[in-house]
There are 2 protein chains.
Amino acid sequence: MRLVSEKKFLTIDDGIELDCGSRLAPLTIAYETLGELSPARDNAVLVCHALSGDSHVAGFFPDDPEDARPGWWDIMVGPGRPIDTGRYFVICSNVIGGCQGSTGPSSENPATGRPYGLDFPVVTIHDMVRVQKRLIDHLGIKRLLAVVGGSLGGMQALEWSLTYPDMMDCAIPLATTMRHSALAIAFNEIARQAIMADPAWRRGDYYGAATPATGLAVARMIGHVTYLSDTALRQKFGRRLQNRQDFSFDFGVDFQVESYLRYQGSKFVNRFDANSFLYITKAADYFDICQRHGQGSGVKAFSKARTRYLVVSFTSDWLYPTAEAKEMVKAMKKNTLEVSFCEIKADCGHDAFLLPNPRLAELVAGFLDSVAKERGKQK
Amino acid sequence: MRLVSEKKFLTIDDGIELDCGSRLAPLTIAYETLGELSPARDNAVLVCHALSGDSHVAGFFPDDPEDARPGWWDIMVGPGRPIDTGRYFVICSNVIGGCQGSTGPSSENPATGRPYGLDFPVVTIHDMVRVQKRLIDHLGIKRLLAVVGGSLGGMQALEWSLTYPDMMDCAIPLATTMRHSALAIAFNEIARQAIMADPAWRRGDYYGAATPATGLAVARMIGHVTYLSDTALRQKFGRRLQNRQDFSFDFGVDFQVESYLRYQGSKFVNRFDANSFLYITKAADYFDICQRHGQGSGVKAFSKARTRYLVVSFTSDWLYPTAEAKEMVKAMKKNTLEVSFCEIKADCGHDAFLLPNPRLAELVAGFLDSVAKERGKQK
């Protein structure tokens with residue numbers, strides 16, 4: 001039987017005051033829930049999505065055709081899956097700044113009646129999390145069993161654990177970091193430059209006209225390469241030519257890897273808003289829990305935490321390398337927090353957390369189970 | 001006393017027939033020489049430049065102002081330097097396809113009287129090397145003491161050793177590979193897409209009009225990041241802000257690394273032709289000596305070689321990682337070639353071969369000295 005998920009919306013009329021000082025109001029959050037909230041309301045798992053994700057974490061929409069692809073983490077979330085919707089009440093919402101139903105730069109600016117564009121305020125991960133908190137309140141949940149996410153979703157899980165330390169039993173940050181490194185900022189900045197270099201971008205004021213599709217495609221290709229690994233690309237493509245016996249001796253497609261990237265770029269522009277790409281990458285670049293919560297110190301930052309952690313890194317992830325995860329785990333342990341850490345051997349780069357991985361599945365399932373059982377005992 | 005270098009030109013009226021099948025004629029090579037050719041003509045060292053380099057390998061032009069910067073490898077080439085111009089006759093020429101004096105897409109197409117643009121034929125590393133051979137013939141040199149180069153220059157050194165195995169005593173390929181990997185192709189392709197996405201590119205026909213400066217700047221930024229390393233960026237910039245106390249909350253410059261990249265991008269567009277960037281990166285992507293010389297096998301390819309090699313890789317070079325250098329050295333050794341190999345510990349990424357490095361200086365100086373002495377004995 002198909003797991004069916006429906007997009008819902010929560011509107012907060014008075015919005016929230018953002019880190020930048022502006023008030024974002026009204027504010028809409030697009031979200032989906034899977035499974036049933038227990039009578040004790042103690043089985044809620046908040047899943048946070050990465051850059052290009054959305055609230056559709058698993059399953060299908062009611063009207064999806066037969067051949068539709070399920071939600072972005074369907075391998076991990078569903079009945080009998082590691083994040084078991086037969087047992088947990090799973091919540092996933094689109095981040096603010098995004099373009100899949102939550103308020104973002106493509107939403108109507110109440111001051112003008114037109115899309116915000118660059119008048120949308122720059123948001124932070126901390127802002128995203130504070131909006132999610134409003135959703136959790138709305139759902140009548142006092143304490144989450146877990147906040148789980150990879151990459152930008154992992155940043156949200158970490159931020160949750162320090163902003164609302166008493167609202168969760170555990171956090172599961174995957175393939176992520178305490179603070180965005182110079183290398184990660186560099187790639188994001190180049191991707192943003194590619195968008196802003198597209199004349200169709202028009203300083204963000206392109207809604208209703210041609211979109212900056214070529215710029216966004218280049219931006220996506222840059223991002224996409226950073227999610228892969230040297231090894232993965234060798235294995236997947238090597239130097240194989242795309243439907244040809246010899247070089248083209250022109251600037252069309254010669255190699256399979258080129259064709260793949262062009263495809264990834266063009267596919268992305270049909271489903272994502274260029275301004276949202278700017279806003280969400282900026283939020284990632286600003287992310288630094290050491291600075292926000294510890295005056296620059298990770299150890300100090302985690303002194304706020306009162307939760308269990310499962311931290312996972314992947315060997316071939318060069319965007320958020322294991323060294324960064326280890327530094328984070330060290331900071332957690334110095335605060336005598338209960339931390340499980342695993343570096344998973346995976347050739348597929350940063351994207352590993354989104355791909356089928358028995359070790360990841362086992363770790364997340366086992367950790368959630370143990371946290372849920374402990375919570376059950378404490379009642 | 002200042003080392004002075006002058007740009008010279010050699011024109012080959014009948015040109016050469018390229019790998020793509022077209023004849024490129026006439027053909028001009030811009031080159032510079034430093035030091036004196038010995039009476040026995042046995043002290044010539046050909047230095048091959050990388051993507052953004054040119055014939056100006058060291059020293060200053062006669063009319064350079066006091067504060068001019070010297071050639072791109074001045075730290076390695078000059079009187080008393082590892083490639084000692086007091087002892088060796090150093091030759092460096094601009095690659096064809098380039099934009100610093102050798103025939104390239106910005107040169108006049110004799111068929112139209114206008115710049116070639118995309119009518120310029122796609123060239124290969126093998127083509128570049130065969131043109132250099134014509135220059136060496138012109139200079140009356142039968143056998144080079146060495147062919148030296150890093151990155152794309154290293155590809156040329158390797159190609160020389162297999163295309164003209166009896167014309168050299170040694171080859172010194174630095175920070176390079178036998179064949180361009182999928183990851184390296186991916187980054188080049190994205191950079192090319194950034195250029196071609198710029199409306200000012202006009203399918204390469206922009207000469208005399210506005211240049212595709214924004215596209216080229218993004219392309220350069222992509223390239224530039226791949227030349228650096230995570231560690232180098234952490235050390236050099238970390239998360240330091242650029243002349244500000246707090247985030248901008250807009251899409252201007254927040255971080256030093258962003259400012260640095262924008263500067264690198266904008267500086268590059270003043271000195272480099274966007275079409276040349278397309279042609280030279282394509283030549284790099286096509287590079288595969290295993291395929292060209294060994295039907296896919298590196299071991300078979302190096303069976304053609306009859307030269308000594310010094311191969312150097314750098315620990316933090318993720319564009320041409322040590323594993324690739326080791327694979328190459330293995331293929332050389334299986335042919336009982338005399339090979340010196342060193343992986344130099346360096347945090348600065350692929351660019352390490354261009355930066356001051358005592359170990360590199362010592363290795364190159366010592367190797368050249370030993371090759372020169374051996375050649376002296378053989379007389």
Side-chain angles (χ1 to χ4, degrees), chain A residues 18-22 118 121-122 124 179-183 185-187 189-190 192-194 196-199 204 214-215 217-218 221-222 224-225 228-230 232-234 236-240 247-251 253-258 260-262 265 278 282 285-286 288 291 318 321 323, chain B residues 18-22 118 121-122 124 179-183 185-187 189-190 192-194 196-199 204 214-215 217-218 221-222 224-225 228-230 232-234 236-240 247-251 253-258 260-262 265 278 282 285-286 288 291 318 321 323:
Chain A
L18 301 168
D19 282 335
C20 66
S22 308
L118 281 208
V122 167
T124 62
R179 58 185 157 218
H180 231 211
S181 71
L183 182 71
I185 294 170
F187 279 116
E189 166 67 2
I190 298 170
R192 285 191 296 265
Q193 290 283 325
M196 297 191 288
D198 188 333
T214 50
V218 172
M221 290 189 251
I222 294 169
H224 205 81
V225 174
L228 301 172
S229 73
D230 188 9
L233 286 165
R234 274 172 216 273
K236 202 166 180 172
F237 306 109
R239 291 183 51 81
R240 280 189 295 283
F247 296 148
S248 69
F249 289 107
D250 64 28
F251 296 100
V253 165
D254 280 293
F255 297 97
Q256 282 181 8
V257 66
E258 294 174 315
Y260 172 79
L261 283 173
R262 289 186 188 197
L278 301 181
K282 199 68 178 174
D285 290 351
Y286 280 1
D288 182 351
Q291 202 59 47
W318 53 275
Chain B
L18 301 168
D19 282 336
C20 66
S22 308
L118 281 209
V122 166
T124 63
R179 57 186 160 219
H180 231 212
S181 71
L183 182 71
I185 294 170
F187 279 117
E189 167 66 3
I190 298 170
R192 285 191 296 266
Q193 290 283 327
M196 298 191 289
D198 188 333
T214 50
V218 172
M221 289 189 253
I222 294 168
H224 204 80
V225 174
L228 301 172
S229 72
D230 187 11
L233 286 165
R234 274 171 215 272
K236 203 165 177 172
F237 306 110
R239 291 183 50 83
R240 279 189 296 283
F247 296 147
S248 69
F249 290 105
D250 64 29
F251 296 100
V253 164
D254 280 294
F255 298 97
Q256 283 181 9
V257 66
E258 294 175 315
Y260 172 78
L261 283 174
R262 290 187 187 197
L278 300 181
K282 199 69 178 173
D285 290 351
Y286 279 2
D288 181 351
Q291 202 57 49
W318 53 276

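Computed from a predicted model, the values in this text were never measured in an experiment. We name chains A, B, ... by the order of the sequence lines, and we start the count at 1 in each one.
Only the side chain of Leu118(A) comes within less than 4.5 Å of a heavy atom in chain B; its backbone stays farther off. Both the backbone and the side chain of Leu278(A) come within less than 4.5 Å of a heavy atom in chain B. With a 4.5 Å cut-off on non-hydrogen atoms, His180(A) touches chain B through its backbone and its side chain both. Heavy-atom distances place the side chain of Thr124(B), and not its backbone, under 4.5 Å from chain A. Tyr260(A) does not touch chain B: none of its heavy atoms, backbone or side chain, sits under 4.5 Å away. When heavy atoms are compared at a cutoff of 4.5 Å, Val257(B) approaches chain A solely by way of its side chain, counted from C-beta outward. With a 4.5 Å cut-off on non-hydrogen atoms, Pro121(A) does not touch chain B at all. If you measure heavy-atom distances from Arg240(A) to chain B, you find no contacts under 4.5 Å at all.
Summarising the geometry of Arg234(A) relative to Ala182(B), their closest heavy-atom pair is N-CB, 4.4 Å, with the distance given to 0.1 Å. For Arg192(A) against Phe251(B), the heavy-atom pair with the smallest separation is CD-CD2, 4.0 Å. Residues Pro199(A) and Pro199(B) share a closest heavy-atom pair of CG-CG, 3.2 Å.
With chain B as partner, the option from Glu258(A), Met196(A), Gln291(A), Arg179(A) having the largest number of non-hydrogen pairs under 4.5 angstrom is Glu258(A). Here Val218(A) is the residue among Val253(A), Leu18(A), Val218(A), Thr214(A) with the most heavy-atom pairs under 4.5 Å with chain B. Of the residues considered (Lys236(B), Gln193(B), Gln256(B)), Gln193(B) shows the highest number of contacts with chain A, using heavy-atom pairs under 4.5 Å. Taking chain B as the reference chain and counting heavy-atom pairs below 4.5 Å, the highest number among Gly21(A), Gly204(A), Ser248(A), Ser22(A) is found for Ser248(A). In terms of heavy-atom pairs under 4.5 angstrom with chain A, the leader among Leu261(B), Asp254(B), Ile222(B), Asp198(B) is Asp254(B).
Looking at Arg239(A) and Asp285(B), no side-chain N of the basic residue comes within less than 4.0 Å of a carboxylate O on the acidic one, giving no salt bridge. A salt bridge is absent between Asp250(B) and Lys282(A); no separation between the charged side-chain nitrogens and carboxylate oxygens falls under 4.0 Å.
Here the side chains of Asp230(B) and Trp318(A) are not in contact, with every heavy-atom distance at 4.5 Å or above. In this structure, Arg262(A) and Glu189(B) have side chains that are in contact, with non-hydrogen atoms separated by less than 4.5 Å.
Between the CD1 atom of Ile190(A) and the CD1 atom of Ile190(B) there is a distance of 10.0 Å, given to the nearest 0.5 Å. If you take CZ on Phe249(B) and CG on Asp19(A), they are separated by 5.5 Å, rounding to the nearest 0.5 Å.
Using cut-offs of 30° and 60° for the angle between ring planes, the Phe247(A) and Tyr286(B) rings count as parallel.
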